[in-house]
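In what follows, chains carry the letters A, B, and so on, assigned in the order in which the sequence lines appear, proteins first and then strands, with residues in each chain numbered from 1.
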Amino acid sequence: MGEECAEVVVNINHPDLNRIFHYRLPAGMGKPQPGTRVTVPFGSRLVEGWIVGYSEPEPGISLREIAGLGRPDFTKELLDLARWMAWYYLHPLAEILELMSPPDRPKRLVKCTSPEEKLSPQRPEDFDLTGEQQEALRRIEEALSNEKGERFLLYGVTGSGKTEVYLRATEFALALGRQVLYLVPEIALTPQIGALFQEAFGERVAVWHHRLARGEKYRLWEDVRKGAKGVVIGPRSAVFAPFCNLGLVIIDEEHDPSYKEQERPYYHARQVALMRSFLNKAVVVLGSATPSLESFTAAVRKRLQLLTISRRPPGRSLPRNTVVDMRLELNSGEPSIFSRYLQEQINLRLKRKEQVILFYNRRGYAPLVFCPGCGEVLKCRNCSISLVYHRQTGDLRCHYCNTRLPLPASCPSCGSNKRLCFLGTGIERVEQELSLLFPGARVLRLDYDTTRGKGSYSQILSLFAGKKADILLGTQMVTKGHDFPGVTLVGVLNADLSLNLPDYRSAERTFQILTQVAGRTGRGPQPGEVVVQTYHPEHYSIMAACRGDSNSFYREEAKRRRALEYPPYGELIRVRLSSRREEDVVVLASELAAELRRQLSGDQVAVLGPAPAPVLRVKGFYRWQILLKGKTLPLRSQIEACLAVYRKNNSVIISVEVDPFGY
DNA sequence: AGCACGCCGACT
DNA sequence: GTCGGCGTGCTC
């Protein structure tokens with residue numbers, strides 16, 4: 001006769017242990033709730049784990065008893081979320097639970113360190129929403145009252161006041177006694193939004209990010225769990241906050257690729273947030289001026305309700321767009337990274353004391369360094385990638401593994417001591433040329449390398465906001481949600497760079513970046529202008545972005561993705577194998593691919609590859625990959641079983657990425 | 001992952 | 001005789 005036993009997941013990361021073990025409860029004790037942390041005897045040692053449920057074990061296994069009970073780490077809802085993630089992302093449950101675990105209680109709980117709350121002035125409610133903003137807000141409020149967990153896509157052009165809608169929806173949710181999760185794409189953006197919300201809602205707002213001190217984290221988590229905090233603002237990981245009464249989830253800039261975790265377990269915070277709100281029947285608002293094709297399609301299919309804001313508030317017009325065909329520019333006069341038209345426009349702003357943002361998406365000074373003696377391009381010794389010359393630090397760097405080495409005096413390949421040549425243009429070279437062309441201009445550079453120091457990111461931005469500079473030259477970083485009313489010109493120096501990435505999303509990314517960066521201008525009383533330099537002026541994503549015609553972009557992009565059955569018209573899973581020995585990877589990859597073909601046979605899933613990864617070698621590891629395309633959702637367990645077998649080979653690491661970014 | 005068990009070489 | 005090398009196999 002069976003007996004109800006606790007199902008325990010042990011916190012050890014090994015493919016053989018990615019399952020449930022049954023344990024007896026100590027005598028004279030009720031059932032601890034699933035999600036409770038436990039210590040259990042495991043073989044000859046004690047290990048940590050969690051109770052995840054109760055059931056009757058198979059007959060014939062010798063049961064042992066739970067050795068120790070810990071705190072309840074997860075509510076049923078969070079546990080269900082973890083289970084869903086483990087299933088959907090083909091990832092060990094233990095590792096997901098570890099990721100979601102609440103912060104440890106610090107040894108010494110510091111007395112209240114929260115700075116004496118500056119009396120938060122109630123935000124003035126006196127300025128009017130536009131009709132479209134009002135309508136969006138009304139529908140969200142209605143949904144909050146209905147408590148049916150409705151989902152919205154707030155599709156509002158840049159500068160249309162989406163944040164104001166979020167603020168008022170939050171106010172409404174709080175008034176109903178519900179908690180609010182507000183996701184932002186990056187840590188860098190949390191302080192700004194956080195300050196705005198704290199001003200409106202004072203102490204009820206928790207600004208969460210991973211760099212908080214341990215005690216602070218612990219206290220915030222506890223406050224959220226008890227309901228003392230009504231709003232949690234933060235990046236990806238904030239999606240795991242222990243809400244007790246979640247009513248509204250806002251995903252700001254929902255298209256932003258930063259929501260996708262780039263390391264294990266490769267989850268997408270937007271997707272997790274959607275599942276979490278489903279489990280809570282919470283209302284979701286996905287907001288963007290350039291929705292992901294996934295969300296756009298979901299709106300077309302009525303899985304998201306569409307809320308549109310098509311106009312900026314009165315007096316704020318959308319910028320004028322000019323496309324410069326750099327091919328024609330090349331044929332006439334001396335070539336420069338700055339077209340003559342853009343130079344004229346920059347000069348005009350400088351004369352008028354207006355500000356300029358320039359976007360150039362390539363770090364360093366020169367992306368290629370080569371030897372004129374033998375023609376060899378200098379490569380990283382750990383990665384199959386060219387080294388980039390950084391002038392500021394005078395060294396060569398690998399942008400994949402971060403290796404740095406001094407610029408060699410002679411060619412490492414042929415020994416010639418002819419001077420090495422720099423090929424191509426990075427942002428440092430653009431900066432240099434900028435100072436030659438506009439000697440009087442004050443230029444700030446915003447990229448990965450100028451923002452290493454603590455606080456340097458916000459320092460650069462506040463210098464620019466305080467008009468201490470005329471030109472802000474930056475990489476991707478300048479495209480994200482900033483609001484500089486003094487900017488009347490945005491220049492995109494090379495719109496094509498993101499088009500050639502090995503990613504089926506490259507056209508979408510290009511469209512989004514161009515539209516977003518264009519949206520950084522004309523946010524003040526003066527109208528804005530955008531100048532886009534490109535060698536592909538006829539490309540659909542560049543044309544659509546420049547004309548502000550997003551519908552034609554989505555139509556074209558949807559057509560292409562559908563034809564190739566890429567997401568959202570098919571699911572994609574990338575299985576990556578890596579090892580220090582290339583032959584091991586090649587052999588195992590082809591065996592695994594053959595086995596997957598056998599297991600998943602049928603026309604539902606295509607097994608593509610194996611093929612070398614776009615960058616074959618990174619950090620000394622050779623990487624090959626297999627792509628699964630098609631209806632993979634019903635086949636998760638077959639895929640999992642198949643991988644488990646091949647993971648027994650311990651010289652080759654197998655990692656799985658569901659819905660990968662890039663190939 | 002860890003840890004025990006097991007089956008062969010050189011050592012106080 | 002036994003100490004210890006790390007291959008193999010198991011963990012409710």
Taking NZ, NE, NH1 and NH2 as the nitrogens, is one of them in A:Glu582 or A:Arg617 under 4.0 Å from a carboxylate oxygen of the other?
no
Considering only nitrogen or oxygen atoms on both sides, find all protein atoms under 3.5 Å from nucleotides 6-10 of chain C and state each distance.
none

Show me, pair by pair, the donor-acceptor contacts under 3.5 angstrom made by side chains of residues 18-27 of chain A, not counting sequence neighbours?
| unit_1 | atom_1 | unit_2 | atom_2 | d |
| --- | --- | --- | --- | --- |
| A:Arg19 | NE | A:Asp16 | O | 3.2 |
| A:Tyr23 | OH | A:Pro41 | O | 2.7 |

Among all residues two or more places apart in sequence or in another chain, which pass the ring-ring contact (aromatic ring centres under 6.0 Å, His included) test with A:Tyr389?
A:Tyr365, A:Phe422
Show every donor-acceptor pair shorter than 3.5 Å between a side-chain atom in residues 564-572 of chain A and any protein atom, with sequence neighbours excluded, or say none if there are none.
| unit_1 | atom_1 | unit_2 | atom_2 | d |
| --- | --- | --- | --- | --- |
| A:Tyr566 | OH | A:Tyr663 | OH | 3.4 |
| A:Glu571 | OE1 | A:Thr632 | N | 2.7 |
| A:Glu571 | OE1 | A:Thr632 | OG1 | 2.7 |
| A:Glu571 | OE1 | A:Leu633 | N | 2.9 |

Donor-acceptor side-chain pairing of A:Asn245 and A:Gln179 below 3.5 angstrom
no
State which residues pass ring-ring contact (aromatic ring centres under 6.0 Å, His included) with A:Phe243; sequence neighbours excluded, sorted by chain then number.
none
Just to be sure I understand the geometry, which residues of residues 18-34 of chain A put a non-hydrogen atom under 4.0 Å away from DNA chain B?
none
Can you list the residues that meet the salt bridge (charged side-chain N to carboxylate O under 4.0 Å, His left out) rule with A:Glu591, with sequence neighbours excluded?
none
Would you kindly say whether A:Tyr88 and A:Asp659 are connected by a side-chain donor-acceptor distance under 3.5 Å?
yes
Cation over ring face, A:Lys31 and A:Tyr54, 6.0 Å, 45°:
yes
What are the residues of residues 36-48 of chain A, sorted by number, that bring a heavy atom to within less than 4.0 Å of DNA chain C?
A:Pro41, A:Phe42, A:Gly43
Students should find this one: the first and last nucleotides of DNA chain B, 5' to 3', lying under 4.0 Å from a heavy atom of chain A. What are they?
B:dA1 to B:dA4
Ring pair (Phe, Tyr, Trp, His ring centres under 6.0 Å) contacts touching residues 618-653 of chain A (sequence neighbours left out):
none
Under 4.0 angstrom, heavy atoms only, what part of the nucleic acid is A:Leu63 near: base, sugar-phosphate, or nothing?
sugar-phosphate
Could you pull out all residues at least two apart from A:Phe661 that satisfy ring-ring contact (aromatic ring centres under 6.0 Å, His included)?
A:His268
Output all residues satisfying side chain to side chain donor-acceptor pair (under 3.5 Å) with A:Arg211, sequence neighbours left out; order by chain, then residue number.
none
